[in-house]
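Reckoned from all heavy atoms, side chains included, excluding hydrogens, waters and symmetry mates. Every chain is numbered from 1 and lettered A, B, ... according to where its sequence line falls, protein lines coming before strand lines.
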Amino acid sequence: MTATSKATRDQAHARVFDLDAMSLRELNQALHGLAPGSNETAWEVLNPKGNHSVAVGVDQPVSIDVRGSVGYYCGGMNSGGTITVHGSAGPGVGENMMSGSITVKGDASQYAGATGKGGLLVIEGNASSRCGISMKGIDIVVHGNIGHMSAFMAQSGNLVVLGDAGDALGDSIYEARLFVRGKVDSLGADCIAKEMRPEHLELLQGLLDRAGVTGVKPSEFKRYGSARTLYNFNIDNADAY
Amino acid sequence: MTYRNPPTTPRKSATFDDYTLSEIRRAAATGIYDIRGAGAKRKLPHFDDLLFLGASISRYPLEGYRERCDTSVVLGSRHAKKPIELKIPITIAGMSFGSLSGPAKEALGRGATLSGTSTTTGDGGMTEEERGHSKQLVYQYLPSRYGMNLRDLRRADAIEVVVGQGAKPGGGGMLLGQKISDRVAEMRTLPKGIDQRSASRHPDWTGPDDLEIKILELREITDWEKPIYVKVGGARPYYDTALAVKAGADVVVVDGMQGGTAATQEVFIENVGQPTLACIRPAVQALQDLGMHRKVQLIISGGIRNGADVAKALALGVDAVSIGTAALVALGDNDPRWEAEYNDLGTTAGAYDDWHEGRDPAGITTQDPDLMKRVDPVAAGRRLANYLKVMTLEAQTIARACGKNSLHNLEPEDLVALTIEAAAMAGVPLAGTNWIPGKNGF
């Protein structure tokens, strides 16, 4: 059976929530009420119309197709769910995600994937400022551009940007890895360009594959990361703060 | 024989006192500001500047030891399906694992549970020591989000969105590398041994309207079961309380500048924020102006030491108080029995505040495995429970003398102030007068 036909079959059996007729609370409560091993693995959300907190706190390996654009914090704290937003996402999509994946077919507003611990966030359009802020293990792939102050205080995980990055990329970064294909307006404090070694090319290829990116080579990207000069306070670095 | 004029007695400057001189020398030698724990140490207007008016003829007292004086309190009755019900109006404030040792966190949980009250996590996330021994645990949602996860969020009994802290409104923390042990590093997703700079602001919201949506998200994630507290540093208590209420908080926590911290700049601790006493009336006023007093509960913290402080805070309109530093002392922090070791660290029992260095002889603010063995979680928990019991009995004694059958029936009318400053801040009359400075325009 092909993946397409499986998706079609799942969709045919999807549990449908129309937010024009049902409340956000009913949707989230139903998702939270799923028992481990439940066979209700396919969900569809209609008419999200910018609602905030759609499908937050998912803790089962379900797939959720959201047909339209969402407001703040869609998929917040997602743990194991596969969420696809067939539209654009407001601020904080996938914040503090633990595992699973979120795909935004359109653009994302600011602080996409903030503080994420794990899983994969794919934004097929552009992301705004603060993308991956304080990320702690999440992988984020943005097909378009990202705004200023992205990956500020990023601790761990990978941020891949096929387009350009705004000002102060990776300010006060810890051990997260940033891969940018286009231009970077400026780097933040303690963030530097780094050599792209074979292991990074391999890692990046894996991320591009997982995000469904084709026709783009890892060698087209530059890697950025921490200079580690601010890891222990030294008064001679005070100008950097 | 030569005649000498009588010498002038050497006079030290009040401005450049010994402490100030030593700090200038230290700064010149090291090139970095002083970082320390605890709260403001300077003398500030405080609860000691207020007195209770016991009953005589105009008020009728209750019989001590015979007539009941209720101490219970319910927190989070505004929206939460499962509000927090406490036997006493004294909670344990957020103190992080990482800053505190595992045995110290366990002792806090044991002591609080014995006393029918709650503990609160901290910057480092939730530990089994604390969850396992705290019947009611408030999980802090902090800017750093270290250790924040779905499972712990749902294991909590309440969630406290920390926006600010009394010792450092607007400031982040600094945990020096020597306290970043393997376990702390793992919980915080940080390399071992680095200086951990915690954030001063939440990364994914930027104002009160965003906070409202963030609270909605937390409610949705936890199915509207758990009370959502919002904690602010005592800087602009009227507006911060009002905005927290507007954002949907079930409980507002206001932490005055005597409130402690694990590690922040001395200059910040002593110069930013307002005294706890000055924060209460504006916060209560905000609730009253919004018609939300007693609907959204108010917790005050920062320098609460005894039952009189508890009773005074409640009389001014708060629903509960929270203790941090006092709880650590009850566990055994700064105990004179470690005096020789405090001396070796260049300080003395009662003044030790370099908690960030991880060398606490009492084993409480450390990650050193040998030092932390000095804390017996059962015995220390018992000490904390004893202390909480004493505070409660003290508050009840005062309340009965004021004729109240509940601590929550204490009111501003039961108080007078010893100083004009305290009278103005607390909004109660100067003793012996009916003058409340600032009221009616003079």
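- Taking every heavy atom of both residues into account, B:E220 and A:S53 meet most closely at CG-CB, 4.2 Å.
- Heavy-atom distances place both the backbone and the side chain of A:R25 under 4.5 Å from chain B.
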Discussion item. What verdict does the side chain to side chain contact (heavy atoms under 4.5 Å, CB included) test give for B:M148 and A:M77, after you've listed the backbone C-alpha separation in whole Å, the side-chain angles of each residue and the deciding distance to 0.1 Å?
Written reply: CA-CA 9 Å; B:M148 173 54 57; A:M77 291 218 176; 3.5 Å; yes
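- Taken from OG in A:S134 to NE2 in B:H202, the straight-line distance is 11.0 Å, to the nearest 0.5 Å.
- With a threshold of 4.5 angstrom between heavy atoms, A:K136 approaches chain B through its backbone and through its side chain.
- With a threshold of 4.5 angstrom between heavy atoms, B:R151 does not approach chain A through any atom at all.
- Proximity of a side-chain donor or acceptor of B:R154 to a complementary backbone N or O of A:G57 within less than 3.5 Å is detected.
- Distance NZ/A:K117 to CZ/B:R145: 8.0 Å, rounded to 0.5 Å.
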Item to complete: Using the side chain to side chain contact (heavy atoms under 4.5 Å, CB included) rule, take A:N28 and B:W224 through it: C-alpha gap first, then chi angles, then the decisive distance, then the call.
Response: CA-CA 11 Å; A:N28 286 328; B:W224 291 73; over 6 Å; no
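- Expressed to the nearest 0.5 Å, how far CG of A:N51 lies from CG of B:L216 amounts to 9.0 Å.
- At least one side-chain heavy atom of B:T206 sits under 4.5 Å from a side-chain heavy atom of A:R130.
- Only the backbone of B:S144 comes within contact range of chain A, judged by heavy atoms closer than 4.5 Å.
- The parts of A:Q29 that come within reach of chain B are both its backbone and its side chain, each placing non-hydrogen atoms under 4.5 angstrom from that chain.
- Under 3.5 Å, the side chains of B:D204 and A:Y73 contain no donor-acceptor pair of N or O atoms.
- One distance of note links NE2 of A:H32 with CG of B:D223; it measures 5.5 Å at 0.5 Å rounding.
- Checked by atom type, the side-chain pair B:Y141/A:N96 shows no donor-acceptor distance below 3.5 Å.
- Of the atoms belonging to A:L24, heavy atoms from both backbone and side chain fall under 4.5 Å from chain B.
- With rounding to the nearest 0.5 Å, the separation of OG in A:S79 from CD1 in B:I221 is 11.0 Å.
- Taking OH of B:Y146 as the reference point, atom CD of A:Q155 lies at 5.0 Å (rounded to 0.5 Å).
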